[in-house]
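Presented below is the structure to which this report refers.
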Amino acid sequence: MASGAMEFHIITLFPEMFESPFRGGMTGRAIEQGIIIVKPHHLRPFGLGNYKQVDDQPYGGGSGMVMRPEPIAAALDAVMSEHPGLWRILMTPQGTPLMQEKVRELAGRKPGLLLLAGRYEGVDERVRAMVDEEISIGDYVLSGGELPAMVLIEAVARLQPGVLGNPASIEEESFSADLLEYPQYTRPEEFRGVRVPEILLSGDHGKIRTWRENQARRRTEERRPDLLKRGK
Ligand code: 4FV
């Protein structure tokens, strides 16, 4: 499969979830153009016994079920033997918070990423040694790692050369410099009594850039002062 494309492999109990989200849009077009490959791998066939068991009760008691390490290990080995060199990531609320800086780093990891999407209460602790890193998309609990995997795929895919119509927009967007993006306006010039700031109609690109930088900084100070500390 080594075609220079960025490969996204996912180990999941719900491979069908990856069909529709990537149909259409920039990521869908990138798949059609072969710039990226999204390949889900079903975990169930690696389950144990006649019932292909993949989960079990937690030692020490407690509610819910935990994913067993053996099926995950077998699935990881199978995919890595087919696709050597993939960077293995467990999607978990206990992982490193996903930031644009990390997205930029992952966008350079060729041939690509192998994402492990958990279910139930999570995975057996011994799975952590089988992956290269753990990533969280946010401090909230979902019922599965599939949506986090899709978020990461979308964020990394759009940084692949040829995906975004105008790569320059990557430089200007939010978090490109740890700042929120400046206010954007388009037609009409007046909407419900609110006019587009005159500066944007002036054609003076120097002044427009300065206005945008000031707006981005002010908005970041107001809404996300933590971002300003991060740059320091
Ligand atoms: C999650 C997150 C997340 C936790 C238990 C799946 C769920 C269930 N993953 N960022 N937030 N995962 O909530 O990455 O197995």
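Whatever order the structure lists ligands and atoms in, that order sets their numbers, starting from 1. Note that this is a predicted model, so its numbers are computed, not measured.
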Using a strict cut-off of 4.0 Å, indicate which atoms of ligand 1 neighbour a heavy atom of [X].
{"X": "Arg119", "value": "15 (O)"}
{"X": "Pro148", "value": "1 (C), 9 (N), 14 (O)"}
{"X": "Gly118", "value": "15 (O)"}
{"X": "Tyr140", "value": "11 (N), 13 (O)"}
{"X": "Met91", "value": "9 (N), 14 (O)"}
{"X": "Val141", "value": "13 (O)"}
{"X": "Gly144", "value": "6 (C)"}

**Side chain, backbone, both or neither: Pro93 near ligand 1, heavy atoms under 4.0 Å** =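 Within the 4.0 Å criterion, Pro93 contacts ligand 1 through backbone and side-chain atoms alike.
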
**Request:** Rounded to the nearest 0.5 Å, what's the gap from CG on Asp204 to CH2 on Trp211? Could you check?
**Result:**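 Going from CG on Asp204 over to CH2 on Trp211, the span is 13.5 Å.
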
**Asked** When rounded to the nearest 0.5 angstrom, what is the spacing between OG1 in Thr210 and NZ in Lys207?
**Response**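 If I round to the nearest 0.5 Å, the distance is 9.0 Å.
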
**Item:** Test item: His41 and Phe46 side chains (from C-beta on) under 4.5 Å apart, heavy atoms
**Value:**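 The answer is no, as the side chains (C-beta and beyond) never meet within the 4.5 Å cut-off.
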
**Prompt:** Heavy atoms, side chains only, cut-off 4.5 Å: are Leu86 and Pro111 in contact?
**Reply:**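 Touching, per the 4.5 Å side-chain cut-off.
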
For [X] and ligand 1, does the shortest N/O to N/O distance drop below 3.5 Å?
{"X": "Tyr120", "result": "yes"}
{"X": "Leu142", "result": "yes"}
{"X": "Ser143", "result": "no"}
{"X": "Gly138", "result": "yes"}

**Asked** What's the shortest distance from atom 14 (O) of ligand 1 to any protein heavy atom, and which residue and atom give it?
**Response**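 I find the closest protein heavy atom is Thr92 N, 3.4 Å.
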
**Item:** Protein contact of atom 10 (N) of ligand 1 - nearest heavy atom, named by residue and atom, plus distance
**Value:**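 Atom 10 (N) of ligand 1 sits closest to the protein heavy atom Ile137 N, 3.0 Å.
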
**Message:** Holding to salt bridge (Lys or Arg N to Asp or Glu O under 4.0 Å), I want the full list of residues that pass it with Arg128, two or more places apart in sequence or in another chain.
**Reply:**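 Result, salt bridge (Lys or Arg N to Asp or Glu O under 4.0 Å) vs Arg128: Glu125, Glu134.
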
**Prompt:** Hey, any chance Met17 and Val38 share a hydrophobic cluster, counting ILVMFWY side chains that come within less than 4.5 Å of each other, even indirectly?
**Reply:**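 Yes, because Met17 and Val38 connect within a single hydrophobic cluster, where side-chain heavy atoms sit under 4.5 Å apart.
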
**Asked** Do Glu221 and Arg218 meet the salt-bridge criterion of a basic N to acidic O distance under 4.0 Å?
**Response**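 Answer for the salt bridge query: no.
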
**Test: Glu82 and Lys39 ion pair at under 4.0 Å** =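 The answer is no: the pair does not qualify as a salt bridge.
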
List the atom pairs, donor and acceptor, that lie under 3.5 Å between side-chain atoms in residues 140-157 and the rest of the protein, sequence neighbours left out.
{"residue": "Tyr140", "atom": "OH", "partner": "Ile137", "partner atom": "O", "Å": "3.2"}
{"residue": "Glu146", "atom": "OE1", "partner": "Arg119", "partner atom": "NE", "Å": "2.9"}
{"residue": "Glu146", "atom": "OE1", "partner": "Arg119", "partner atom": "NH2", "Å": "2.9"}
{"residue": "Glu146", "atom": "OE2", "partner": "Thr12", "partner atom": "OG1", "Å": "2.6"}
{"residue": "Glu154", "atom": "OE1", "partner": "Thr27", "partner atom": "OG1", "Å": "2.9"}

